[in-house]
Amino acid sequence: MLTVNNLAKIYGSSCSHCLELTGPAHKSNVCPRCGSVVACANISFQVDKGEIFGLVGESGSGKSTLVRCLYFDEEATGGEARLAPYQDGRVNMLAVSAQQKRFIRNHLMGMVYQYPHLGLKMYFSCGGNIAEKLLDAGFRHVGRMRERAAELLQRTEVPPGRMDDLPATFSGGMQQRVQIAKALANSPPLLLLDEVTTGLDVSVQARVLDLIRSLQQEMQLAVVVVSHDLGVIRLLSGRTAVMKNGQMVEVGLTDQILEDPQQPYTQLLVSSQL
Amino acid sequence: MAKILNVVNLSKIFTIHILGGKVITGCREVGFSLGAGEFLGITGPSGSGKTSVLKCVYRTYLPSGGEINYISAARGAVDLAKATDQEVLYLRSGEIGYVSQFLRVIPRVAALDVVAEGLLRRGRELAEARALAGEYLARLGIPGDLWDAYPATFSGGEQQRVNIARALITRPRLLLLDEPTASLDSRAKMTVVEMLWELKAAGTAMIGIFHDLETMRKLVDHTIAMNGGRCLSLTGR
């Protein structure tokens, strides 16, 4: 479904030494020559239809930058990403026009951010927020949009009676569920989740995880889950990549990463778990 | 009988980098083969490498050497020691099951849905999957009023029965069992033995680790005894 090859994101002027002088071997993602920050480098992976792929790593390891590049929130510095339903996966979507990127984003991807205010307009009704995504995806009929919004809110367990309320008045867990409803509005084949349960209390966290998993199974979505919480990754993803200093240090089956980590950093990460 | 699993010279060595590269042996040069409907028991003291063998076959551990040749119904011969992660996931979802010592599931999912999950993944209808899950739970003696409760709140024995139901319901071709009856009372143990017998008769090949040799004797065709990571002997029943 999604194939990423050699994706890189560098903040700063960047020089020809940036990639070779940063990464886990150098314990830094700041280039000592030019001071640029290499947020992601040499990132390659694949996610199949119906598969959940996990990305773990400490703060600053580049996980969020990676999904933001895939969702075009940030412009990748280099590399390729192909999405099977876009031009049969023959075209590198990182290099297409802004208009095409908008099309991909509106029709083929959904994104849920850690902070609901990044994904939702807080002073726009909940239904309005979902309608925004539906409009982008080409819906025009108001009645049909309300119907779809109600359907999505019901699916994500937000009382449909609150469709016309403002997300600003909702609890964190409920805002997150509205965000998920919005992300799924266009029935995207690829869903990106950036630390979606971080900051939710545990009872709500379990509900949101269960919701994500059942929706994923039902819709056969390909999902990329970013989390620094190994517990979340263990429950959701089949395969997992571990990131450090902007690079992937290890990729494997999630249970293998957790029980038989190969790389020193992964061993440290896993053995630090509470 | 047609062999479906052939393990040759399997070794698992752990290198613990955070302890200065300390090397720990899981198992060394283990070999055995298994036909459809055959049950292999592994015995040995704690730390002798039994679970390492099982986890290598399931690929929770990455083998350090050797081959794990599995004849898949869908994919033909696959060396599980070298198969890609996606291939392993595919086989796990359709052919290879694992009963762990402890149940670990998403919190706040009802017992019935925990058991039905594997069927849903195989594309069965929700109502049908739930009905069958209920049958398995009932048979294992989990009372109906617990079906919509969360397994995290269950007793050890009840959790283990949910764990067993969850793995058996998919009727895998190869089933790996890590002390499946450890925390069960004798009646539940009998039921589990019965259910394993039925699967075995239908052609499921199994590898099981038991401390309870009594229960094991009722099921196994062959036994390997392990000590210090090595396979000491291979015996028929």
Side-chain angles (χ1 to χ4, degrees), chain A residues 1 3 24 45-54 157 197 201-214 216-218 220 222 230-241 249-272, chain B residues 12-22 24 26 51-52 54-64 80-81 83-93 96 98 100-102 104-110 113-114 116-126 129 150-152 176 178:
Chain A
M1 175 61 67
T3 309
F45 65 99
Q46 268 189 33
V47 187
D48 292 343
K49 180 171 191 270
E51 185 188 13
I52 305 187
F53 186 76
E157 297 168 37
T197 58
D201 61 67
V202 282
S203 58
V204 180
Q205 188 174 353
R207 282 266 9 89
V208 171
L209 292 180
D210 181 37
L211 170 69
I212 290 168
R213 223 189 31 157
S214 57
Q216 184 268 339
Q217 259 173 24
E218 197 176 295
Q220 282 297 297
L230 291 173
V232 168
I233 294 290
R234 177 168 65 77
L235 293 175
L236 284 181
S237 69
R239 287 188 310 130
T240 295
V249 292
E250 184 168 354
V251 185
L253 295 166
T254 302
D255 52 328
Q256 179 251 301
I257 294 282
L258 295 176
E259 294 190 43
D260 184 22
Q262 307 289 307
Q263 296 299 317
Y265 176 69
T266 317
Q267 292 185 354
L268 180 72
L269 191 73
V270 169
S271 58
S272 308
Chain B
K12 175 61 196 170
I13 314 293
F14 298 91
T15 308
I16 317 290
H17 296 286
I18 50 175
L19 296 178
K22 185 173 182 165
I24 294 171
T51 300
S52 288
L54 221 56
K55 289 197 169 170
C56 280
V57 174
Y58 199 59
R59 257 286 284 280
T60 296
Y61 289 170
L62 274 177
S64 314
L80 295 172
T84 63
D85 294 332
Q86 278 102 332
E87 252 175 317
V88 174
L89 280 180
Y90 172 82
L91 293 174
R92 283 181 183 182
S93 75
I96 304 179
Y98 189 93
S100 56
Q101 275 172 283
F102 304 102
R104 293 188 99 179
V105 290
I106 292 201
R108 298 182 66 188
V109 177
D113 293 320
V114 167
E117 193 206 322
L119 292 177
L120 296 177
R121 243 190 293 120
R122 284 169 170 76
R124 295 279 274 273
E125 291 295 321
L126 183 66
Y150 309 132
L176 310 168
D178 196 350

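Numbers restart at 1 for each chain; the letters A, B, ... are given by sequence-line order, proteins then strands.
- Residues passing the ring-ring contact (aromatic ring centres under 6.0 Å, His included) test with B:Tyr90, sequence neighbours excluded: none.
- Looking only at side-chain heavy atoms (C-beta outward), A:Asp255 and B:Arg104 stay at 4.5 Å or farther from each other.
- Residue A:Gln220 does not touch chain B at all, counting heavy-atom pairs closer than 4.5 Å.
- Of the atoms belonging to A:Gln267, heavy atoms from both backbone and side chain fall under 4.5 Å from chain B.
- Scanning for side chain to side chain donor-acceptor pair (under 3.5 Å) contacts around A:Tyr265 gives A:Glu58, with sequence neighbours left out.
- Looking only at side-chain heavy atoms (C-beta outward), A:Arg239 and B:Gln86 come within less than 4.5 Å of each other.
- Checked by atom type, the side-chain pair A:Glu250/A:Thr266 shows a donor-acceptor distance below 3.5 Å.
- Heavy atoms of B:Tyr61 lying under 4.5 Å from chain A belong to its backbone as well as its side chain.
- Both the backbone and the side chain of B:Ile16 come within contact range of chain A, each with at least one heavy atom under 4.5 Å from a heavy atom of that chain.
- Looking at B:Ser93, neither its backbone nor its side chain comes within 4.5 Å of chain A, counting heavy atoms on both sides.
- Using a 4.5 Å cut-off between heavy atoms, A:Ser214 makes no contact with chain B at all.
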